Amino acid sequence: MPLLWVLRDLLDMKGTKFGCGKSFCGACTVHLNGAATRSCVTPVSSVGSSSITTIEAIAGTPTGRAVRDAWLALDVMQCGYCQAGQVMSASALLAKNPKPSDTDIDKAMSGNICRCATYTRIRAAIKQAAGMPSADSRDTFV
Amino acid sequence: MMRAKDKVASAGDESRRAFLRAGVAVGGGLLLDFSLPGVLNARANAPSSPSTLNAFVQIANDGAVTIISKNPEIGQGIKTMLPMLIAEELDVDWADVHIEQALSDPAKYGAQFAGGSRATPLNWEALRRVGAAGRQMLVSAAAQTWSVPAAECETASGKVVHVPTKRSLSYGRLASKAATLPAPDLAQVPLKDPKNFKIIGKPHPGIDSPRVLAGEPLFGIDVAVPGMLHAVFVKSPVFGGTAVKANLDVIKAQPGVRDAFIVVGGPVFNGLASGVAIVGTNWWQLDQARELLEVTWDEGATASQSTEGFASQAATLSSQAPAIKVVSDGDVVSALGSSVRTLQAAYSYPFISHATLEPQNCTAHFHDGKVEIWAPTQNPDPGRKIVAKTLGLNDADITIHMIRCGGGFGRRLMNDYMVEAAWISKQAGAPVKLLWNRQDDMQHDFYRPAGFHFFKAGLDAGGKLQAFSDHFVSFGENGKAAPSADMSANEFPAKFVPHLELGISLMPLGVPTGPLRAPGSNALAYVFQSFIDEIAHAAGQDPLQYRIDLLGERRQVGAFDTGRMIDVLALVREKSGWGKRTPPKGSGMGVAFYYSHLGYFAEVVHATVGAGGKITVDKVWVAAGVGSQIINPTGAENQVQGAALDGISEALGQTITLNKGRVAQSNFNDFLLLRMNQAPPVEVHFLKTEHPPTGLGEPALPPVIPALCNALFAATGVRIRSLPIDPKLFA
């Protein structure tokens with residue numbers, strides 16, 4: 001059984017979302033030993049004694065809390081369905097790379113679809129959580 | 001920024017609320033024919049319970065204000081925005097406001113739907129009047145308490161102040177008395193001068209966002225009720241196909257499966273489809289069990305339909321006269337004959353899917369001849385009617401909880417999942433949560449219809465457009481276009497060219513179609529604003545100025561105000577540096593405008609084509625005319641940015657292909673949505689005018705697609721006449 005469905009239906013932790021079932025969309029992203037992992041294709045049998053963190057507890061880590069706070073301060077979400085996964089991918093990125101470039105952000109976040117396309121604010125929120133200026137360095141049209 | 005608190009509605013609260021009917025206009029403006037029936041304030045509330053001022057407002061003794069948000073939340077931010085309108089005129093602090101999601105109850109709340117970008121124009125005045133009426137009752141209660149004229153009282157931050165004596169009473173202290181007073185005439189209650197707004201016009205983040213990021217179970221897929229079973233429902237891969245027989249015994253023997261049965265279904269789309277239901281204790285196990293399912297389908301007539309077949313039919317029809325004349329102004333044939341320069345071009349676009357990230361789902365509990373439904377729906381009341389009709393019940397037997405939707409985009413205006421869940425619950429004899437998997441969702445949509453356009457245009461010696469025609473080959477039967485497959489007589493440049501014909505021919509279609517964000521417009525903007533760009537280039541003129549010249553004098557043309565469009569074009573010209581930049585080789589800028597959902601939008605895209613035809617969208621500028629007031633600026637900007645990127649997503653990657661009556665795509669590896677690395681910065685400018693505010697869920701989307709295609713032409717000289725954009729064109 002995939003970790004996603006163990007979380008959602010056996011442990012009643014509904015914050016992690018089902019989007020595609022095949023690791024294409026990232027809505028189900030959790031941390032496995034700190035690494036962003038698609039829980040919809042992760043057999044629970046493979047988890048062993050690894051440490052799992054989900055959206056329910058992400059604000060308990062300093063990085064996760066900073067990401068969550070930036071997300072709320074910048075009012076990132078529209079429908080919100082992908083945002084648990086986005087926050088998990090973003091906090092995994094910042095835990096490893098505290099000052100990511102726009103290219104780093106593209107690389108770490110392109111596995112997470114936002115159907116409402118709130119990408120502008122996701123990018124800004126990651127930078128705000130990192131304590132960086134939130135302007136988009138790709139935007140040279142000033 | 002302050003954040004109101006939130007609490008979840010319970011059905012039991014409903015009976016305590018008084019009745020208020022807020023009349024809303026159909027088309028263009030607001031009717032001030034509100035009535036407050038006599039049941040309002042029929043009895044005083046017990047001291048411990050909140051006092052009900054009207055159907056939308058309750059105030060507790062401690063001053064906590066509960067505001068009911070009546071419309072479905074699909075990510076457009078309505079659960080936050082509608083209460084802002086009430087709270088403003090009620091004159092309370094946002095931090096004291098709790099928001100409750102209403103049940104579906106049109107008799108109490110009027111229309112409750114998320115569609116057509118209508119919530120702003122329909123509620124802008126109506127809900128402010130609801131708040132103002134509540135305020136007036138509180139002022140009257142204070143004035144009576146003090147035996148002073150109400151005119152000597154003012155309000156602020158949830159208090160009434162008697163100005164001459166500086167006495168004050170909190171709303172909490174006044175609420176139970178206010179609730180016993182007669183309700184004022186909504187049409188007569190005074191509204192604030194907008195310059196005194198404290199809530200409207202200030203950014204208010206989404207009310208439920210903290211709960212989403214805490215992992216709370218807010219979405220339809222998260223619903224759980226006692227004794228609930230799970231269900232999957234397997235439908236025919238060919239639209240309209242019916243299940244004849246299936247290996248139900250094999251399925252029933254699988255782990256987690258309690259029951260499996262054939263649903264015969266009905267004949268209409270958006271009713272109950274035929275299929276095989278599998279019910280059990282664990283959804284993932286059911287989804288595994290379905291892999292073993294073998295069904296004999298009667299596939300029906302649609303099995304002969306395909307995307308390729310439609311394209312060749314359209315080509316054949318294009319050589320004939322259109323079956324339906326939509327507009328016929330002047331004499332196009334003669335005018336083309338006398339033109340100095342003529343153009344013709346064939347454009348097409350594919351079916352596309354809504355692909356809400358939360359797959360369709362619904363929880364239903366049939367018991368004792370009634371159904372309780374928990375549905376992520378944009379449009380609950382038609383769902384109630386389908387369920388009632390299909391299950392042989394009365395509308396009043398069906399309770400619908402509107403659950404937060406993980407995206408809508410028009411998909412959840414349809415309620416097929418609702419009637420499926422209700423039927424399965426009835427047959428299973430238990431509450432059931434039906435969840436579609438991604439393949440179900442992508443292959444059983446109400447698709448944005450494909451379309452084929454065959455254009456001609458003629459220019460005079462000065463490059464002025466004097467003749468224009470479009471033969472739109474679309475879908476439908478018996479002279480009636482399929483849902484969202486029509487074209488109106490107002491399609492620009494109709495009424496702006498002396499000799500103009502718009503006509504339609506229809507091909508029969510067995511595939512369900514329906515509204516996708518900015519329905520009609522999301523396709524028509526692309527073809528018309530692209531062909532107008534071709535015309536401007538053929539005339540040797542600047543494409544932005546050519547559009548302004550085509551709009552001509554500032555005037556009203558039907559509902560369309562040319563001056564408002566000229567102004568947003570001028571604004572986007574200024575903000576984007578149009579005509580002042582020199583894009584590097586391989587890059588270009590394109591422009592387009594479009595009027596839809598009462599909104600005036602002009603957009604510029606800067607794009608680059610690199611090695612191997614790789615497309616980079618560098619930047620989007622949006623100039624938006626939506627009236628006098630941006631109600632919630634943070635939500636407004638987010639909607640516009642999202643809509644613009646949604647359009648780019650459609651243009652770059654999205655296509656649904658039909659083969660033998662079935663959809664070829666099944667997931668996000670073959671139906672491509674925009675991702676972070678493709679998403680350009682989107683700069684948004686609102687042009688404030690004196691017109692009433694209008695909605696923002698949709699109108700930013702249509703013009704971005706032609707603006708992008710026109711930018712690619714400017715960059716490469718290659719015209720994009722078919723979507724999605726094929727990078728091989730640039731190789």
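Since we're looking at a predicted model, the values are computed, not measured. Below, all heavy atoms of this structure are taken into account, side chains as well, without hydrogens, waters or symmetry copies. Each chain gets a letter, A, B and so on, in the order the sequences are listed, and its residues count up from 1.
- Ionic pairing of Arg675(B) and Asp106(A) is not present here: no N-O contact between side-chain nitrogen and carboxylate oxygen is shorter than 4.0 angstrom.
- The distance from atom CE of Met676(B) to atom CD1 of Ile105(A), rounded to the nearest 0.5 Å, is 6.5 Å.
- Heavy-atom distances place no part of Leu4(A) under 4.5 Å from chain B, backbone and side chain included.
- Note on Ala224(B), Gly577(B), Ala679(B): by heavy-atom pairs under 4.5 Å with chain A, the leading option is Ala679(B).
- Of the residues considered (Trp621(B), Trp284(B), Phe668(B)), Trp284(B) shows the highest number of contacts with chain A, using heavy-atom pairs under 4.5 Å.
- A cation-pi arrangement, defined by a distance under 6.0 Å to the six-membered ring centre and an angle within 45 degrees of its axis, is present between Arg115(A) and Phe409(B).
- Looking at Arg68(A), both its backbone and its side chain come within 4.5 Å of chain B, counting heavy atoms on both sides.
- For the pair Lys14(A)/Leu218(B), no side-chain contact is recorded, criterion being any heavy-atom separation below 4.5 Å from C-beta on.
- Scanning both residues, Pro681(B) and Asp136(A), for their nearest heavy atoms gives CG-OD2, 3.7 Å.
- Side-chain contact between Cys79(A) and Leu357(B) is absent, with no heavy atoms from C-beta onward closer than 4.5 Å.
- A salt bridge does not link Asp618(B) with Arg138(A): none of the charged nitrogens is closer than 4.0 Å to a carboxylate oxygen.
- Between Ile113(A) and Leu674(B), the closest side-chain pair of non-hydrogen atoms is not below 4.5 Å.
- The heavy-atom pair separating Met77(A) from Ser209(B) by the smallest distance is CG-OG, 3.3 Å.
- In this structure, Gln78(A) contributes its side chain and Asn638(B) its backbone to a donor-acceptor pair below 3.5 Å.
- At a 4.5 Å heavy-atom cutoff, the contact between Arg8(A) and chain B is made by side-chain atoms alone.
- Between Tyr81(A) and Phe219(B), the ring-plane angle classifies as perpendicular under the 30° and 60° cut-offs.
- Classified by interplanar angle (parallel below 30°, tilted 30° to 60°, perpendicular above 60°), the ring pair Phe18(A)/Trp283(B) is tilted.
- Looking at Asp102(A), there are no atoms closer than 4.5 Å to chain B (heavy atoms on both sides), in backbone or side chain.
- Heavy-atom distances place both the backbone and the side chain of Asp139(A) under 4.5 Å from chain B.
- Ranked by heavy-atom pairs shorter than 4.5 Å toward chain B, the options Ala84(A), Cys116(A), Cys20(A) are led by Cys20(A).
- The closest side-chain heavy-atom distance from Asn282(B) to Leu10(A) is below 4.5 Å.
- With respect to Phe24(A), the side chain to side chain contact (heavy atoms under 4.5 Å, CB included) criterion is satisfied by exactly one of Asn667(B), Asp670(B), Leu673(B): Asn667(B).
- Contact record, Thr634(B) with Asp75(A): OG1-OD2, 2.8 Å, taken as the closest heavy-atom pair.
- You'll find the side chain of Asn669(B) stays beyond 4.5 Å of the side chain of Lys22(A), heavy atoms only.
- Salt-bridge formation is detected for the pair Arg121(A)/Glu637(B): a Lys NZ or Arg NE/NH1/NH2 atom is positioned less than 4.0 Å from an Asp or Glu carboxylate oxygen.
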